[in-house]
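Counting convention: from 1, in listed order, for ligands and their atoms alike. Along the sequence shown, the residues carry numbers beginning at 1.
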Amino acid sequence: MPELPEAETIVRGLADRLPGRTIVRVVVTHADVLAPPLTAATLRKRLRGIAIETVERRAKKVVLATKGGGRIVVNLGMTGRLVLSGSPRARELSHVAVRFQLDDGQALLFDDVRRFGRIELHDAGSWNERDAALGTEPLSDAFTAAHLHELAQRSRTPIRNWLLDQRRVAGIGNIYANEALFRAGIDPARPASSLTIAESAGLRDALRDVLAEAIVARGTTLSDYRDEQGEAGRFASRLQVYGRAGQPCIVCEHPIERAVLTNRSIFFCGSCQR
Ligand SMILES: [Zn+2]
């Protein structure tokens, strides 16, 4: 499932191609990817002739800012892909749900096999509300050790679950939560409130490092994720715990363990993580 590094990779790839382009037509093939109450008719009507000004990321979302303060927000879900029609791999897409036709002859294609992805359309006001409900960006200057520690103090939920809550820290999913907790030497099941300031500092650094390294590698592809050119990311081979149950810990050689915590897997080293 795409997380912050995957959305960031797509955003960087689109950021030098989409700004300045005008949407000439929107074709909706599968309207179930439109977030209610948005309909295909509304999307077509409101976006025809609208210029794209910037491409940004917020949490795990790709955000296209349009002239007049509007936002097209793409939640990639499980299998969502945003691919430019001119890229060589675009013809491999088999489940295009929405096509944004642009004035230069290209199109931005939203493809989604399982259709858990969602497209939202906002005006400036509703986007501000949506944005305000999301937590701190972990790569921003605001994400300090003291900030993480103060937020975590308020909750007794397991730290892995806490990291997945987009209202606290935005953009982290299960892969990078597990990876960062391993790097920081913290047991994923520990209450968030039990983290010391030193552990919070270690976790903050681990999160920023793993996210930055994954962005350089253009994201993690376990099966479905593709970038805006339709290419897989390369970070999967550098995962240290996620998906490595039974394999030796890279630090102590103790086998990596897998358990289920609140219906989702955790991967950890029982020796290195306390
Ligand atoms: Zn270990």
Side-chain angles (χ1 to χ4, degrees), residues 1-6 8-9 60 78 135-139 143-166 168-225 232-274:
M1 177 167 202
E3 305 180 25
L4 185 158
E6 291 75 38
E8 181 69 22
T9 300
K60 307 173 191 174
M78 302 269 294
T136 310
E137 285 287 334
L139 296 176
F143 192 62
T144 61
H147 178 69
L148 173 59
H149 185 244
E150 197 214 316
L151 289 178
Q153 286 305 296
R154 301 178 198 162
S155 174
R156 292 193 48 76
T157 196
I159 184 65
R160 192 288 311 265
N161 298 8
W162 188 87
L163 285 171
L164 301 189
D165 185 340
Q166 302 298 303
R168 279 109 167 205
V169 183
I172 311 292
N174 204 30
I175 294 176
Y176 299 108
N178 276 278
E179 291 296 308
L181 288 165
F182 170 72
R183 290 181 182 214
I186 297 168
D187 179 341
R190 272 180 52 190
S193 56
S194 74
L195 266 64
T196 65
I197 181 72
E199 287 172 329
S200 302
L203 180 57
R204 178 251 188 203
D205 290 348
L207 281 164
R208 288 167 72 108
D209 287 350
V210 75
L211 294 170
E213 289 168 28
I215 290 169
V216 170
R218 303 188 62 79
T220 299
T221 296
L222 297 175
S223 57
D224 294 293
Y225 167 72
R234 301 186 309 270
F235 197 70
S237 63
R238 294 178 54 195
L239 296 174
Q240 297 175 341
V241 287
Y242 191 89
R244 293 192 68 243
Q247 297 179 47
C249 169
I250 60 155
V251 175
C252 72
E253 300 191 344
H254 186 94
I256 297 298
E257 296 171 50
R258 174 185 175 274
V260 175
L261 180 66
T262 329
N263 299 319
R264 299 197 65 185
S265 294
I266 47 174
F267 295 92
F268 58 99
C269 173
S271 169
C272 291
Q273 292 175 257
R274 301 292 168 157

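The distance cut-off of 2.8 Å around the Zn ion (ligand 1) captures these protein N, O or S atoms, sorted by chain and number: Cys249 SG, Cys252 SG, Cys269 SG, Cys272 SG.
Within the structure, ring-ring contact (aromatic ring centres under 6.0 Å, His included) contacts touching residues 238-271 (residues at least two apart or in different chains) are Tyr242-Phe267.
For Glu137 against Leu4, the heavy-atom pair with the smallest separation is OE1-CD1, 3.9 Å. Of all non-hydrogen atoms in Ile215 and Thr9, the two that sit nearest each other are O-OG1, 4.1 Å. For the residue pair Cys272 and Cys249, the shortest heavy atom distance occurs at SG-SG, 3.7 Å.
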Extract all donor-acceptor atom pairs below 3.5 Å that involve side chains of residues 168-176 and protein atoms in other chains or at least two apart in sequence.
unit_1: Arg168; atom_1: NH1; unit_2: Asp165; atom_2: OD2; d: 2.7
unit_1: Asn174; atom_1: OD1; unit_2: Arg160; atom_2: NH1; d: 3.0
unit_1: Asn174; atom_1: OD1; unit_2: Asn178; atom_2: ND2; d: 3.0
unit_1: Asn174; atom_1: ND2; unit_2: Ser265; atom_2: O; d: 3.0
unit_1: Tyr176; atom_1: OH; unit_2: Glu6; atom_2: OE2; d: 2.5
unit_1: Tyr176; atom_1: OH; unit_2: Thr220; atom_2: OG1; d: 2.7

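Shown here are the salt bridge (Lys or Arg N to Asp or Glu O under 4.0 Å) partners of Arg264, two or more places apart in sequence or in another chain: there are none.
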